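This report refers to the structure that appears directly beneath it.
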Amino acid sequence: VEAAIMADDSLQGVENEIREMRRIDEESPYPDDVEYSTLWARKVQASCAQLEAHLRDYTQSLAIVDQLSVSGSLVGAEEEPAERAIRSDSVPMLPPWSDVTVLRAMPALKFYHDLDIDAENVEAAYGNCWEPVLAQLSCAADILTKES
């Protein structure tokens, strides 16, 4: 696997990052009064000779991708949370340190991407024997990604 994540000067600064985000997602309306707690933009380029996805207890690969290459722009943005979306959690520490309060925000980090993805060969397996495990994976992903 070869990967490069580049901080291009043309993507640095809030105005440039917002411009790149709007270029990637032209169709969505963009409010003028949005403040961000996290905002970054990068050029990415990655490639690998072969990528395989295996699931435990299955001898056949779920997916095999040969000569994969990915390149383009990636933007990460998280809106500044409203007061009611901030939670504080106390983290107990062992002596000699004292307990720490950590502020957590509820808004999700959103990714905007304009990526060119190319592969020489893509193989995927599916059938009756895969349905239960894929359903379980879907349920686990739903727990991780759903709004709280």
Side-chain angles (χ1 to χ4, degrees), residues 1-58 61-94 97-119 122-127 130-148:
V1 173
E2 293 182 18
I5 301 171
M6 298 158 277
D8 188 349
D9 284 342
S10 68
L11 298 177
Q12 298 305 301
V14 174
E15 294 84 18
N16 292 336
E17 293 161 341
I18 290 173
R19 186 179 330 112
E20 182 69 6
M21 183 170 51
R22 292 179 78 175
R23 182 194 67 79
I24 291 170
D25 189 12
E26 296 172 343
E27 290 79 25
S28 296
Y30 186 80
D32 294 327
D33 59 347
V34 176
E35 295 291 324
Y36 294 98
S37 60
T38 302
L39 182 62
W40 50 263
R42 299 289 185 266
K43 293 288 186 184
V44 296
Q45 185 173 356
S47 63
C48 68
Q50 187 176 62
L51 181 67
E52 285 193 51
H54 291 277
L55 297 175
R56 187 179 61 182
D57 300 333
Y58 286 81
S61 298
L62 177 62
I64 302 172
V65 181
D66 294 324
Q67 301 302 320
L68 176 67
S69 66
V70 178
S71 62
S73 297
L74 180 65
V75 178
E78 180 180 71
E79 288 186 37
E80 191 71 44
E83 191 66 34
R84 64 186 181 97
I86 298 175
R87 305 286 185 262
S88 62
D89 290 323
S90 180
V91 179
M93 303 294 286
L94 296 174
W97 297 282
S98 58
D99 292 351
V100 177
T101 300
V102 178
L103 296 178
R104 299 184 58 204
M106 301 307 284
L109 177 62
K110 295 180 181 178
F111 292 100
Y112 300 83
H113 56 85
D114 182 14
L115 299 173
D116 294 325
I117 302 173
D118 189 31
V122 177
E123 297 176 20
Y126 188 77
W130 291 95
E131 288 182 19
V133 72
L134 293 177
Q136 185 64 33
L137 282 172
S138 178
C139 289
D142 187 48
I143 291 170
L144 293 174
T145 60
K146 72 178 179 180
E147 295 181 13
S148 55

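Nothing here was measured: the structure is a model prediction, and the numbers come from that model. For this chain, numbers begin at 1 and follow the sequence in order.
- When all heavy atoms of E17 and V75 are compared, the closest pair comes out as O-CG1, 4.4 Å.
- Taking all atoms of both residues into account, the shortest heavy-atom contact from P81 to A105 is CG-CB, 3.6 Å.
- Taking CD of E52 as the reference point, atom CD of E123 lies at 9.0 Å (rounded to 0.5 Å).
- Closest non-hydrogen pair, A41 versus Q12, comes out as O-NE2, 3.8 Å.
- Looking only at side-chain heavy atoms (C-beta outward), D114 and R23 come within less than 4.5 Å of each other.
- At least one side-chain heavy atom of L55 sits less than 4.5 Å from a side-chain heavy atom of L137.
- Between D25 and Y30 the shortest side-chain heavy-atom distance does not fall below 4.5 Å.
- Here the side chain of D99 pairs a donor or acceptor atom with the backbone of M93 at under 3.5 angstrom.
- Considering all non-hydrogen atoms of both residues, G76 and F111 come closest at CA-CD2, 4.2 Å.
- Within a 6.0 Å radius of NE2 in H54, other residues, nucleotides and ligands contribute more than 12 heavy atoms.
- Between the OG atom of S69 and the CD atom of Q67 there is a distance of 9.0 Å, given to the nearest 0.5 Å.
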Side chain to side chain contact (heavy atoms under 4.5 Å, CB included) assessment of W40 paired with L11: CA-CA 8 Å; W40 50 263; L11 298 177; over 6 Å; no
Residues Y36, I18; criterion side chain to side chain contact (heavy atoms under 4.5 Å, CB included); working and verdict: CA-CA 10 Å; Y36 294 98; I18 290 173; 4.0 Å; yes
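- Note that the CG atom of L39 and the CG atom of N16 stand 10.5 Å from one another [nearest 0.5 Å].
- In D9, the CG atom is not crowded: 12 or fewer heavy atoms of neighbouring residues, nucleotides or ligands sit closer than 6.0 Å.
- For E2, the CD atom counts as loosely surrounded, since its 6.0 Å shell holds 12 or fewer non-hydrogen atoms of other residues, nucleotides or ligands.
- No more than 12 heavy-atom neighbours from other residues, nucleotides or ligands sit within 6.0 angstrom of CD on E35.
- In L94, the CG atom is not crowded: 12 or fewer heavy atoms of neighbouring residues, nucleotides or ligands sit closer than 6.0 Å.
- Here K43 contributes atom NZ and S10 contributes atom OG; the two are 6.0 Å apart, rounded to the nearest 0.5 Å.
- Atom CG of L62 and atom OH of Y126 lie 10.5 Å apart (nearest 0.5 Å).
- Once rounded to the nearest 0.5 Å, the distance linking CD of E78 with CG of L109 reads 5.5 Å.
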